[in-house]
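What you see is a predicted model, and the numbers here were worked out from it, not measured in a lab. Naming: A, B, ... by sequence-line order, numbering from 1 per chain.
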Amino acid sequence: MNLIEISNLHVHVEGKSILNGLDLTLRAGEVHAIMGPNGSGKSTLANVLAGRPGYEIVDGSVAFLGQDLTALEPDARAHLGLFLAFQYPVEIPGVSNMEFLKASLDSLHLARGQDPIDTVSFMRRVRGIAEELKLNPEFLKRGVNEGFSGGEKKRNEILQMLLLQPRLAVLDETDSGLDIDALQVVAQGVNSYRASDNGVLMITHYQRLLSHIVPDVVHVLAAGKIVRSGGKELALELEEKGYRWLTA
Amino acid sequence: MSSQSNPDMDALTWSAAPHRAWLDTEALRSRFGTHLESGKTRELWKYTPVKGFVGGMPDRGAAARLDMVGIDQPGVRAVPFAEMTALDTEQVRSLLSNRLEAANHLLADLCLLRAPGGWLIDIEGTLEQAIHIRYLSAGSAPVVVVLRQGASAELIEQTATTGSLAQLLLAEVQEDATLTHHRLALEGDAQHWALQQIRLAANTNYRLHQSLLGGQRRRSEMHVILDGRGAEASLTGAYLVESGQHLDQQLTVEHRAGDTLSRQTFHGIGCGKGRSIFNGRIHIHPHAARSDAALSNRNLALHPEAEMNSKPELEIYTDDVRCAHGATVGQLSEDSLFYLVSRGISPTEARRLLSHGFLRECLDGPLAETAAERFMMALG
């Protein structure tokens, strides 16, 4: 089944055209990578899927699990099972990670008509995931991302993904700013999340992430549209030749 | 002198208070009258008009009823003015006369002129238990706290009255002493006038955690004097103003000695048609080289008619200092809001979490949860 189906998507940001007819279909169980030069529209795609204000869809459609995603508020998109791992996760001092994670999970349960998880089970679950990602559980008491290193912020994004178990996880340059050890930890987290009923859309600059999280499809985004799609070997080819041969 | 015909002054008929015997009340009256008429006073009382404010003060001769816990532990002497020894009297007289002299402290003068008594709390050594003062009724309440050399204490002050309360706290922190001070005033319909003056001698450490809710009229003046080399002060406060409330905070930190450090972080929210005033003043004297001062005051106006005033004032008379000053009035961060709603949290809940978190950054200590609960109630 199709998790997400993007057709002819045109997006303006501050009146400027950024996406120009993007098509992409991702089926359950698949991992897709989107690569492309700076300014090609990769992060715009991530933000427009999550519903960040300021992105104007001027044409095209996005169906997520058969629903018109663009008609939904950002929180409703999360309720449906969409997740964005932010490129630059914000710091929110004063709101503890624990409080934030519990509120997130509770909101999903509430929207789906499920009972909220009790605090003890919640803590056990979060601690388990934190351990998997080599995050000190003490971080739960601190403010959201407060004083975190770049790597810790990215691991916290993956922790949220593993906790919230979305149907589609969009990872916006989750590999940037990670050292090789952290990259492996993050990759293990993503690989443990992969299942036949969910999917991952990875936005990345570098091939190195793709040797840890092996994609089914690699897309090249240039000037706001997909100019080439292929298997994982396309990433290696890009690594070798750069983007110019595709965008010239 | 026009003070004789001033209706505010006429309301100041002197009562038979014990401190009348040793405090020069005529000088006090005269000083009060002079200050009342001055242009500086009009500026300091711009938002809480001084004209007629005496009328809102506690009745002459009314003592605020205090509940004090922790005053019978070793190292503490709590003595009413009427029962002080000659030595105590001389010390308190000197503190009240001299310490308050230079500053324009109308509230202190008025509180002393109207109070039928007061308290001296004399602290020696390291206290095991906090001293917890609750102000239970309307009235005037001068309290003089002396932390002797090397002493260490935690002082909690909490209001529990909506009647007109005039609070004067004068703390004398002697060399090498440490004072942790918690203040809580959360009655939304209060008439509250507070003046706190803290003097810090060399190598002292003072920490303030303060939580204030706006009142019918609430004015809180905090005057911290770093008076000895190596003195350090860290002041944090959270406040919130609801519809119809008024909160006027005047903060002054004076670096009178070199190698002194002050940190001030205050966060406030206006969540209704109310008015908040925050004047934060840092004064670094000419001989206070290597002073290090930083003040941050951030305000969120969460209601279109919330009036949040923030005025920073710097007076620096020496070059060899570090001083940072920031004052903002704004809205919740769009990026933070989006981060939360992208996780499924509703926009209403996200705003509540963020605004509460904004205040919680400045909450600490044993009363933090009490304050957090009250603020949470206001934020819905």
Side-chain angles (χ1 to χ4, degrees), chain A residues 46-55 72-112 114 142-146 153 156-157 159-161 163-166 169-170 172, chain B residues 209-211 236-240 263 265-269 271 296-300 302 326 328 330-365 368-369 371-376 378-380:
Chain A
N47 282 312
V48 85
L49 292 179
R52 187 190 277 274
Y55 293 79
L72 299 175
E73 293 297 325
D75 52 334
R77 298 180 192 204
H79 299 159
L80 203 57
L82 186 85
F83 178 88
L84 170 65
F86 283 64
Q87 185 179 1
Y88 303 110
V90 293
E91 296 194 18
I92 312 179
V95 178
S96 75
N97 276 291
M98 160 87 176
E99 191 179 11
F100 162 59
L101 295 172
K102 184 79 164 63
S104 302
L105 194 58
D106 284 351
S107 72
L108 297 190
H109 286 155
L110 182 72
R112 294 165 189 169
Q114 297 161 338
R142 286 157 61 188
V144 174
N145 292 320
E146 188 185 2
K153 284 181 185 167
N156 193 14
E157 295 295 292
L159 179 137
Q160 292 164 48
M161 180 191 78
L163 177 71
L164 304 178
Q165 286 294 318
V170 180
D172 189 3
Chain B
H209 302 293
Q210 174 172 285
S211 305
T236 53
Y239 53 93
L240 184 139
R263 289 290 176 268
T265 313
F266 289 80
H267 285 187
I269 287 182
C271 62
S296 161
N297 175 227
R298 290 171 59 200
N299 295 276
L300 288 180
L302 297 185
T328 60
Q331 314 289 322
L332 289 173
S333 144
E334 288 297 327
D335 284 344
S336 299
L337 266 175
F338 179 65
Y339 191 68
L340 297 189
V341 295
S342 80
R343 297 303 183 243
I345 298 169
S346 72
T348 308
E349 172 71 1
R351 282 193 197 96
R352 198 187 60 84
L353 276 171
L354 289 178
S355 42
H356 191 229
F358 174 75
L359 291 182
R360 197 144 61 188
E361 277 185 79
C362 291
L363 291 179
D364 201 358
E369 277 316 302
E373 272 172 33
R374 181 62 185 85
F375 291 153
M376 197 77 142
L379 294 168

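Pairing each heavy atom of A:Leu84 with each of B:Arg343, the nearest pair is O-NH1, 2.7 Å. Here the closest heavy-atom approach between residue B:Asp335 and residue A:Val90 is recorded as CB-CG1, 3.8 Å.
Looking at A:Ala103, both its backbone and its side chain come within 4.5 Å of chain B, counting heavy atoms on both sides. At a 4.5 Å heavy-atom cutoff, A:Arg77 makes no contact with chain B through either its backbone or its side chain. Proximity to chain B is limited to the side chain of A:Glu99, based on heavy atoms less than 4.5 angstrom apart. With a 4.5 angstrom heavy-atom cutoff, A:Pro89 touches chain B via backbone and side-chain atoms both.
A heavy-atom distance below 4.5 Å is found between the side chains of A:Phe100 and B:Ile345.
A perpendicular orientation is assigned to the rings of A:Phe86 and B:Tyr339, their planes being inclined by more than 60° (bins at 30° and 60°).
No donor-acceptor pair under 3.5 Å is formed between the side chain of B:Ser336 and the backbone N or O of A:Ile92.
Rounded to the nearest 0.5 angstrom, B:Ser342 OG and A:Asn47 CG are separated by 10.0 Å.
Counting heavy-atom neighbours within 6.0 Å of A:Gln114 CD, excluding the residue itself, gives a total above 12.
Options A:Ser107, A:Pro53, A:Ala76 differ in how many heavy-atom pairs under 4.5 Å they form with chain B, and the most are formed by A:Ser107.
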